[in-house]
Amino acid sequence: MKKTLFDKVWDAHVVKEIKDGPQILYIDKHLIHEVTSPQAFAELEQRGIPIFRPDQIVATADHNTPTENQHLPVKDALSRNQLAQLTTNCKKNNITLYGLGHKYNGIVHVMAPELGITQPGMTMVCGDSHTSTHGAFGTIAFGIGTSQVAQVFASQSLLLQKPKSLRVNVNGTLKAGVLPKDVILYVISKLGTNSGTGYFCEYAGNVFEEMSMEGRMTVCNMSIEMGARGGMIAPDQTTFDYIQGRKFAPKGDEFEKKVAYWKTLPTDQDATFDKEYNFDASDIEPMITFGTNPGMGIKISDHIPVKDNPTFEKSLDYMNFKKGQSLINHPINYVFIGSCTNSRIEDFRVAANYVKGKKKADNVTAWFVPGSQQVAEQIIEEGLKDVFEEAGFKLRQPGCSACLAMNDDKIPEGEYCVSTSNRNFEGRQGRGSRTILASPLMAAATAIEGKIIDFTKQMN
Amino acid sequence: MDSFKKLTSSAVPLEIKNVDTDQIIPARFLKATTREGFGENLFRDWRFDLDGNRIEDFVLNNETYKGKILVAGNNFGCGSSREHAAWAIHDYGFKVVISSFFADIFKGNALNNGVLPVQVSPEYLQELFHEIEKDPNTQIEVNLEAEKITILSTGAQSGFEINTYKKTCLINGYDDIDFLISNKAEIEKFEISRV
């Protein structure tokens, strides 16, 4: 039988099938962070169950961490306690932790790929819905709840029903100024926030084939925003080149052996999917969202659609936007470049390229938050930090930051933030805050202008 | 985990689509390290304004509506994987959530905490909202063993699906950990076979 990329990886991890029930799926790598793990550790301890495979778990601190003065004790007592518990739990159970201040610390979905922990053909989980990011490597990676974190602690396995398959094909040539973030925001705006529920998605077509690993991670990251537990892209030379030489990547002959296996993973020619969608790359423009879910996106040149339904209207009320309105020239006081969606080196290169020689608008507070210590270092090495500082921007220290505002990086009530993150839910970036999702290029342009502009006009 | 077989209760109607887990429990309440106490912050920012005053027209603040069943709009529980959302719903006192569609991760989290997600057709969901609006004391019977839900005043009935394994777990109050550990020998065999 012809198999998809997803089938091949899934089938290679099935320990056992339960009659009329789920399958036991083996998990290769388990990533943990401070927010969704403490209750799982506590549960195992209460029940006297040991951690089954501590060497297959990697921990980082990211959700709660401050993005300034990381060398000082964390001010917020609850955050400090949660971070301390992670440290204690990891020490007690022999789990590797890249905690605050460690040179490998960073957002879990940024640091694991850059260390070569994420590899094609693996199964990976984390108590975080954006675990789908790792699918960029041809990995089955998905978010789990804390009860499941405890299950993986106890057995390195999960009980799961095999999801259905979905393929999104985007072919053609992308216009200038259209970034991977625009591609995925466009797809979600077309398909809606629950089109992928119950499915695992594969992204295919020349647009994804030509994308960098950073771009592929941005795309796969947002799979969950259309409801799909995960998204995958077939591993290819771009993937192998990215992995080679990274800290935990296989070395020498072992690497060659792995590559030979990884090359067998792409979807077979005539394999079929339960659902399939095709999009034309040339139809995509820089995207922005206007509502309170990631599916409520429009092209920068478009107007907010006119729809009569209470949920839609509630959303526009919250955002203080009107049906039929264009967002061009809308004043913006906050800009956030960061999050597991867009905080990799490529994102900062794009932003630096735009802001070079320009000045930040006076009304704008901009938070540029690298995804990891390694990204932060690379920003300095490549001279991007100087570019940002000359333009009036200050870099912060790595963490999830204003994406979910668990630390002090909160957007004030009523304010708009053009954000490179993944969710524009009510209050996501701080109570009463209004999030407009966009690419790092759109965010950089907004930070310079102090308002939303169609920067493609500057390109022509 | 609590076991669940059958429940008859009035319900609280939340006629909003795409309710995400950030609304169910905002991120600032995720700093706790135990599972308890999340109920008081369930739908926090819809229940209370910035000064901590009750927002009277939000349904959870409306004394007319009570019960152990939450009836919600399509695509309930989308967004973040935070199990805190299921804990908050459970801690508040809901045993069942009814919707026409649930996000995957939330559904799994609910089942792992003895909260039954009941998926019904959009038409039946409308019927539920309609009957509750007519009479807030409308009694709804949720029978897990029979996989049936009934509006007792009208007799309108609908089936719902749940996988056999999860159904057994819920009826008996078992969780997945015990089951997985009982398969440890096979998991170890699997590990050796891959080397």
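Not measured: the values here are computed from a predicted model. A, B, ... follow the sequence lines: proteins, then strands. Residue 1 opens every chain.
When heavy atoms are compared at a cutoff of 4.5 Å, K19(A) does not approach chain B at all. V152(A) does not touch chain B: none of its heavy atoms, backbone or side chain, sits under 4.5 Å away. Proximity to chain B involves both the backbone and the side chain of N194(A), based on heavy atoms less than 4.5 angstrom apart. Only the side chain of T311(A) comes within less than 4.5 Å of a heavy atom of chain B; its backbone N, CA, C and O stay farther away. The contact between F52(A) and chain B is made entirely by side chain atoms (from C-beta outward), counting heavy-atom distances below 4.5 Å. At a 4.5 Å heavy-atom cutoff, E34(A) makes no contact with chain B through either its backbone or its side chain. Heavy-atom distances place the backbone of A12(A), and not its side chain, under 4.5 Å from chain B. With a 4.5 angstrom heavy-atom cutoff, N89(A) does not touch chain B via any of its atoms. Neither the backbone nor the side chain of Q429(A) comes within contact range of chain B, judged by heavy atoms closer than 4.5 Å. Heavy atoms closer than 4.5 Å to chain A are found in both the backbone and the side chain of E186(B). Within the 4.5 angstrom heavy-atom criterion, no atom of L160(A) approaches chain B. Proximity to chain B (any heavy atom under 4.5 Å) is restricted, for I18(A), to the side chain, taken from C-beta onward. The part of L158(A) that comes within reach of chain B is its backbone (N, CA, C, O), which places non-hydrogen atoms under 4.5 angstrom from that chain. Using a 4.5 Å cut-off between heavy atoms, F190(B) contacts chain A through its side chain alone, with no backbone atom that close. Residue contact with chain B, scored on non-hydrogen atoms closer than 4.5 Å, involves the side chain of Q85(A) exclusively. Interface remark: F29(B) contributes no atoms to any contact with chain A (heavy atom separation under 4.5 Å). For H130(A), no part lies under 4.5 angstrom from a heavy atom of chain B.
A 6.0 Å sphere centred on CD of E133(B) holds no more than 12 heavy atoms belonging to other residues, nucleotides or ligands. Shown here is E161(B), whose CD atom has no more than 12 heavy atoms of other residues, nucleotides or ligands within 6.0 Å. Other residues, nucleotides and ligands contribute more than 12 heavy atoms inside 6.0 Å of the NZ atom of K95(B). When the shell of 6.0 Å around CD of E45(A) is examined, it contains 12 or fewer heavy atoms from other residues, nucleotides or ligands. Around the NZ atom of K258(A), the shell of radius 6.0 Å holds no more than 12 heavy atoms that belong to other residues, nucleotides or ligands. For NZ of K162(A), the number of neighbouring non-hydrogen atoms (other residues, nucleotides, ligands) closer than 6.0 Å is greater than 12.
Taken to the nearest 0.5 Å, the CG atom of D45(B) stands 14.0 Å off from the CZ atom of F425(A). Rounding to the nearest 0.5 Å places CZ of R53(A) at 9.5 Å from CD1 of I187(B). Here the straight-line distance linking atom CZ of R431(A) with atom CZ of F48(B) works out to 9.5 Å at 0.5 Å rounding. Atoms CG and OH, on L159(A) and Y165(B) in that order, are 4.5 Å from each other to the nearest 0.5 Å. The line from CG of N81(A) to OG1 of T33(B) is 5.0 Å long, rounded to the nearest 0.5 Å.
Put simply, of K189(B), K184(B), R28(B), the one with the most heavy-atom pairs under 4.5 Å next to chain A is K184(B). Chosen from N163(B), N74(B), D176(B), the residue pairing most often with chain A at heavy-atom distances under 4.5 Å is D176(B). Taking chain B as the reference chain and counting heavy-atom pairs below 4.5 Å, the highest number among I144(A), I224(A), N293(A), T292(A) is found for I144(A). Most heavy-atom pairs under 4.5 Å with chain A, from the set K167(B), K166(B), E188(B), R194(B): that is R194(B). Of the residues considered (G21(A), A42(A), G198(A)), G198(A) shows the highest number of contacts with chain B, using heavy-atom pairs under 4.5 Å. Note on E43(A), R229(A), H63(A): by heavy-atom pairs under 4.5 Å with chain B, the leading option is R229(A). Of all the listed residues (S129(A), P38(A), G427(A)), the one sharing the greatest number of non-hydrogen pairs under 4.5 Å with chain B is S129(A). Between chain B and the residues T131(A), N407(A), D28(A), the most heavy-atom pairs under 4.5 angstrom are made by D28(A).
Not a single donor-acceptor pair under 3.5 Å links the side chain of E225(A) to the backbone N or O of G79(B). R82(B) places no side-chain N or O within donor-acceptor distance of the main-chain N or O of T146(A), the cut-off being under 3.5 Å. Side chain of E83(B) to backbone of S147(A): a donor-acceptor contact under 3.5 angstrom is found. A donor-acceptor pair under 3.5 Å is formed between the side chain of Q39(A) and the backbone N or O of T34(B). Counting only distance, with no hydrogens or angles, the side chain of Q23(B) and the backbone of E426(A) share a donor-acceptor pair below 3.5 Å. A donor-acceptor distance shorter than 3.5 angstrom exists from the side chain of Q82(A) to the backbone of L30(B), with no hydrogens or angles considered.
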Problem - Candidate pair R423(A) and D20(B), rule side-chain contact (heavy atoms from CB on, under 4.5 Å), full reasoning - result: CA-CA 10 Å; R423(A) 288 187 174 136; D20(B) 59 76; over 6 Å; no
Handout entry: Verdict with reasoning, F179(B) to I24(A), per side-chain contact (heavy atoms from CB on, under 4.5 Å)
Key = CA-CA 10 Å; F179(B) 184 83; I24(A) 299 179; 4.2 Å; yes
Exercise for the section: Show your working on salt bridge (charged side-chain N to carboxylate O under 4.0 Å, His left out) between K31(B) and D76(A) and close with a plain yes or no. Expected result: CA-CA 10 Å; K31(B) 297 181 184 186; D76(A) 181 272; 3.4 Å; yes
Practice task
Kindly determine whether N183(B) and V15(A) satisfy side-chain contact (heavy atoms from CB on, under 4.5 Å), including the steps that lead there.
Solution key: CA-CA 9 Å; N183(B) 281 279; V15(A) 175; over 6 Å; no
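T36(A) and H84(B) make their closest contact through CG2-CE1, 4.1 Å (heavy atoms, listed as atom of the first residue, atom of the second, distance). The minimum heavy-atom distance linking S157(A) with L180(B) is given by the pair O-CD1, 3.6 Å.
Of residues 100-117 of chain B, those residues lying under 4.5 Å from chain A by any heavy-atom pair are F101(B), F102(B), A103(B), D104(B), I105(B), N109(B), N112(B), N113(B). Against chain A, the residues from residues 7-18 of chain B that qualify, each with a non-hydrogen atom under 4.5 angstrom away, are I16(B), K17(B), N18(B) in number order.
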